[in-house]
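Numbers here simply count residues along the sequence, with the first being 1.
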Amino acid sequence: MQRRAEPAAALLVACALRIERAALRSGGERGAPDGYAVLRTGMGPRAADLAVSRALAGPGGERTAVLATGFCAGLVPGMNPGDLIVAEETRDPRGTVTCDGTALLAEALARAVPGAAVHLGALTGSDHVVRGQERAQLRATGAIAVDMESAATLWTATRDARGALDRRGPVAAVRVIVDAPEHELVRIGTVRGGISAFRVLRAVLPAFFDWHRSSLLPRR
């Protein structure tokens with residue numbers, strides 16, 4: 001008797017801010033998989049933990065593909081607003097989560113946003129906005145960018161209520177640099193860096209959909 005194929009996993013794209021969700025929605029949903037949703041978690045790791053945990057609690061949550069996105073701060077000199085970060089891993093005080101399909105995702109982003117620089121590396125988490133010397137300290141750990149929600153989102157997406165590895169669907173994090181060592185922002189959207197990042201973020205969804213449907217993704 002032939003084994004029945006499992007249905008494709010849903011895709012949950014998580015972001016923190018209203019402006020990030022607006023950018024994603026303005027990019028359109030052509031090519032979106034069944035079960036695709038954008039989740040606005042709210043700011044900070046605790047908010048991300050709670051929102052993602054609730055979103056994955058229903059039937060099929062264990063197979064849902066989760067992608068954390070939005071804006072971030074670049075840590076490496078030479079980075080510019082509008083550059084893309086593809087996390088090879090996310091880090092927070094609880095530990096490290098290895099991301100899936102990163103090379104494929106970087107290639108898809110290069111097609112979706114021609115001309116945008118794509119950086120691969122470690123994305124670290126923080127519970128506050130990082131500036132000045134603290135940015136240099138994080139860079140010294142090997143991280144290339146920092147944000148407040150990605151690490152918490154992926155940790156929650158891969159763990160059960162006790163914090164044990166729960167082998168859910170594939171996970172990834174893609175962030176758009178909104179400020180960098182030579183381009184520090186005061187407020188998102190009020191200067192050119194914020195506008196550049198918004199335009200890039202609105203263009204990334206086709207790459208997310210390519211990543212989700214690719215048969216090359218490892219099975220978790």
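- Residues V176 and L84 are in side-chain contact: their nearest non-hydrogen atoms beyond the backbone lie under 4.5 Å apart.
- Checked options L67, V113, V13, L105; the residue passing with V204 is V113 (criterion: side chain to side chain contact (heavy atoms under 4.5 Å, CB included)).
- A distance of 10.5 Å separates CG in L123 from CD in E149, rounded to the nearest 0.5 Å.
- With sequence neighbours excluded, no residue satisfies side-chain hydrogen bond (donor to acceptor under 3.5 Å, both in side chains) with T102.
- Between the side chain of S26 and the backbone N or O of A23 there is at least one donor-acceptor pair closer than 3.5 Å.
- One finds the CG atom of L39 at 12.5 Å from the OG1 atom of T69 (value rounded to the nearest 0.5 Å).
- C99 approaches A173 most closely through the heavy-atom pair SG-N, 4.2 Å.
- What you find for A16 and T41 is that their closest heavy atoms are CA-OG1, 3.6 Å.
- A distance of 12.5 Å separates CG in L138 from CD1 in I144, rounded to the nearest 0.5 Å.
- Annotation: side chain of V178 is not in contact with side chain of F198 (no heavy-atom distance under 4.5 Å).
- A distance of 4.5 Å separates CE of M79 from CD1 of I177, quoted to the nearest 0.5 Å.
- Using a 4.5 Å cut-off on side-chain heavy atoms (C-beta onward), P77 and R139 make contact.
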Hey, mind stepping through E134 and V146 against side chain to side chain contact (heavy atoms under 4.5 Å, CB included) and telling me if it holds?
-> CA-CA 11 Å; E134 188 176 5; V146 57; over 6 Å; no
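- In this structure, the separation between CE on M43 and CG on D127 is 11.0 Å, given to the nearest 0.5 Å.
- Across all their heavy atoms, A157 and V171 have their closest contact at CB-CG1, 4.1 Å.
- Residue M148 is grouped with residue I19 when hydrophobic side chains (ILVMFWY) are merged at heavy-atom distances under 4.5 angstrom, including chains of intermediate members.
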Go through V52 and W155 one step at a time and tell me if the side chain to side chain contact (heavy atoms under 4.5 Å, CB included) criterion holds.
-> CA-CA 10 Å; V52 173; W155 181 269; over 6 Å; no
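- Just one of D210, I85, V86 meets the side chain to side chain contact (heavy atoms under 4.5 Å, CB included) condition when paired with L109; it is V86.
- Counting heavy atoms from C-beta on, the side chains of F71 and D147 never come closer than 4.5 Å.
- Contact annotation: the side chain of L201 approaches that of L24 to within less than 4.5 Å [non-hydrogen atoms, C-beta and beyond].
- Nearest heavy atom pair, residue A14 against residue T153, reads CB-CG2, 4.1 Å.
- At a threshold of 4.5 Å between non-hydrogen side-chain atoms, the residues L56 and V66 count as touching.
- Atom CG of D100 sits about 9.5 Å away from atom CG of L154, to the nearest 0.5 Å.
- For the pair R175 and E20, the minimum side-chain heavy-atom distance is below 4.5 Å.
- Contacts of D92 classified as side-chain hydrogen bond (donor to acceptor under 3.5 Å, both in side chains), with partners at least two apart in sequence or in another chain: R94.
- Not counting sequence neighbours, R21 has no partner by the side-chain hydrogen bond (donor to acceptor under 3.5 Å, both in side chains) test.
- A116 and G82 get closest at one heavy-atom pair: CB-O, 4.1 Å.
- Within the 4.5 Å cutoff, no side-chain heavy atoms of V130 are placed close to those of Q137.
- Between D179 and R135, the shortest heavy-atom contact is OD2-NH2, 3.2 Å.
- Counting only distance, with no hydrogens or angles, the side chain of N80 and the backbone of G78 share a donor-acceptor pair below 3.5 Å.
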Stepwise, does the side chain to side chain contact (heavy atoms under 4.5 Å, CB included) test hold for V97 with R159?
-> CA-CA 10 Å; V97 175; R159 262 60 182 181; 4.1 Å; yes
